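Notes follow the structure.
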Amino acid sequence: CKIRCNMDVTAVDLRGYGHAEESSAVKIPERLLKRDQARTEDVERRREAKESQSVPEDKRGFFSDTFSRERAAIEELLAGCPAADRAAAAQTLEEATTKTQRLQKFLNDSMVFLTQYELRQAQASLQKLQTSLTDKREEALPKKKFAFKSRSKVKEEAAAPVSDTPSPGDTPADSGTTKVDGSVNSEQCGFSNMDSMVLTLPAEEILKRDVLLTHLTNCKVRLFGSPSTLHIKHISGCEVLCGPVSSSVFVDDCRNSTLAFPCQQLRTHNTTDTQVYLHVTSRAIIEDCHGVSFAPFSWSYPTLDEDFSLSGLDRDRNNWTQVDDFNWLAAGTPSPNWTVIPDADRKTSWDP
Amino acid sequence: MGLLTILKKMKHKEREMRLLMLGLDNAGKTTILKKFNGEDVSTISPTLGFNIKTLEHRGFKLNIWDVGGQKSLRSYWRNYFESTDGLVWVVDSADRLRMEDCRQELSALLLEERLAGATLLVFANKQDLPGALSKEAIQEVLALDEIKSHHWCIIGCSAVTGENLLAGVDWLLDDIAARIFTAD
């Protein structure tokens, strides 16, 4: 900032001299005057250049020219990718990737003045570029696919002969990870791709674990216990009841459903026409939601009290009415995207 | 003595660093910030806006900016890029469904010119959850090995237990210090 201020001061000084010269004919070195003139001209030129760019038509023309030129350059790069030489191929691919990413950024930055059609066209050709880039990479540098691999077998073999001493295959002490050995997928439990089913999980299966519910339609889900987190994604027409969740619940793309759970945080995204019977000890938020309504948690099951203490949630603190809508930042006016369920309309009895 | 040297000296005097903490929503950014600062983490709400903490660590003054990660807030991230010395990217290691989102947001971020000089620390957070991916798996999913533009490091941590938070921040400080406070 200091530098910028200094520059301003210089400019003012010069103007002051200029003025002084007119009135009282103080001599200004010609060199200085010339410099000032050059500066003014430069500023003028830049302003003109900027103005000419801000005409939308020109901008669009500039965009489509640059876009197609860049695209052609990347296509050429890909076409000329040497398949035999691994190192050279890697380098070419890297260059192409960077260029593609730049192009995506260029498109993102230009979004404001493009028409829908142009935008779609550009997105489509970028998509095509991405695909051919991936194909080329597969072809030139075949790489093992990422997979959630089970490392338990190797571990067991390594650990078997040396029972008491730490096995050499163990993770080094400095590594920051908690060991995720054992089949990783089994750590996450839940249901997915079900239709018109009654789904339940007992306490011991969900205790301190991540529960994931995805792609469920017209299902009744009962989770009698205290999971660590709960993720609900792509569900419609469901009734999901869950015991106290010790950290956060994450809801995404949920329709015409009823949810009930105690939790520490609730984040709700892309959800419409859904009722939430909530106990939340910090806060609930909604984003890109519509027709979401809230009421206090009222479901109960035999071990609820125990699960509450297992979860560590404060039973006396329920902020279910304090919902932040990230699409409604106007303070004072309530968000139109969520409501409180009136007393009379609240569900009081739950099916088992 | 060039301008850069003067700037370096000015910074050196204050030994001040600006760290920007970003990541998808629910990654645990605020929890990391509060835990690092020794505050209560049980009452944290999803961040609507941002939090700033200034704290002293190893003789450095750290200005840590924690900006909300909700989708609707991500377009505001750019307002915080200026003069960032270190970028802390926080990942919810248990959120497998959004790893791809996470990768895309990070790679878009790394193209930003104003972050070009920043050191990148990736926190693979929530390692205390049984379903968490290991930091190696996350390194692979986020394609960190392809990053050539920034110094980077990935560290598995848990904001709830505080495990490895210090190790991560220490690495970040060392890397930044080596870059901006070099002996003239």
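Note: hydrogens, waters and symmetry copies are ignored here, and every other heavy atom, side chains too, is used. Being a predicted model, the structure only gives us computed values, none of them experimental. The sequence lines fix the lettering, A, B, ..., with proteins before strands; numbering per chain opens at 1.
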Subject >> Gap separating the CG atom of B:Leu121 from the CH2 atom of B:Trp89, nearest 0.5 angstrom >> reply: 12.5 Å
Original post:
Most heavy-atom pairs under 4.5 angstrom with chain B, which of A:Gln264, A:Glu287, A:Gln265, A:Lys233?
Top reply: A:Glu287
Subject >> Side chain, backbone, both or neither of B:Ile154 within contact of chain A (heavy atoms, under 4.5 Å) >> reply: neither
Subject >> Per-residue contact mode, A:Thr229 against chain B (heavy atom under 4.5 angstrom) >> reply: side chain
Original post:
Between B:Arg74 and B:Glu105, does at least one N-O distance fall below 4.0 Å, as a salt bridge requires?
Top reply: yes
Original post:
Checking heavy atoms, do the side chain of A:Gln101, its backbone, both or neither come under 4.5 Å from chain B?
Top reply: both
**OP:** Pick one of side chain, backbone, both or neither for A:Glu94, based on which atoms fall under 4.5 Å of a heavy atom in chain B.
**Re:** side chain
Original post:
Quick one: what part of B:Ala124 sits under 4.5 Å from any heavy atom of chain A, side chain, backbone, both or neither?
Top reply: neither
**OP:** Tell me, out of B:Pro46, B:Ser72, B:Ser42, who's got the most heavy-atom pairs with chain A below 4.5 Å.
**Re:** B:Pro46
Original post:
Taking 4.0 angstrom as the limit, do A:Arg283 and A:Asp324 come out as a salt bridge?
Top reply: yes
Original post:
Do B:Arg58 and B:Asp170 meet the salt-bridge criterion of a basic N to acidic O distance under 4.0 Å?
Top reply: yes
Original post:
Under the 3.5 angstrom rule, does the side chain of B:Arg96 hit a backbone N or O of B:Gly131 as a donor-acceptor pair?
Top reply: yes
Subject >> Part of A:Leu212 within contact of chain B (heavy atom distance under 4.5 Å) >> reply: side chain
**OP:** Give, for atom CH2 of A:Trp338 and atom CD1 of A:Ile286, the distance between the pair rounded to the nearest 0.5 Å.
**Re:** 7.5 Å
Original post:
By a 4.5 Å heavy-atom criterion (distance strictly below it), what part of A:Thr98 contacts chain B: side chain, backbone, both, or neither?
Top reply: neither
**OP:** Mind telling me whether A:Phe250 and A:His231 have parallel, tilted or perpendicular rings, with 30° and 60° as the class edges?
**Re:** parallel
Original post:
Contact part of B:Ser107 toward chain A, heavy-atom cut-off under 4.5 Å: side chain, backbone, both or neither?
Top reply: side chain
Subject >> Structural part of A:Lys208 lying under 4.5 Å from a heavy atom of chain B >> reply: backbone
Subject >> B:Arg98 and B:Asp25 ion-paired at < 4.0 Å >> reply: yes
Original post:
Which one of A:His269, A:Arg102, A:Gln322, A:Gln104 has the most heavy-atom pairs closer than 4.5 Å to chain B?
Top reply: A:His269
Subject >> Close side-chain approach of B:Asp95 to B:Asn26, heavy-atom, < 4.5 Å >> reply: no
Subject >> Per-residue contact mode, B:Ser75 against chain A (heavy atom under 4.5 angstrom) >> reply: neither
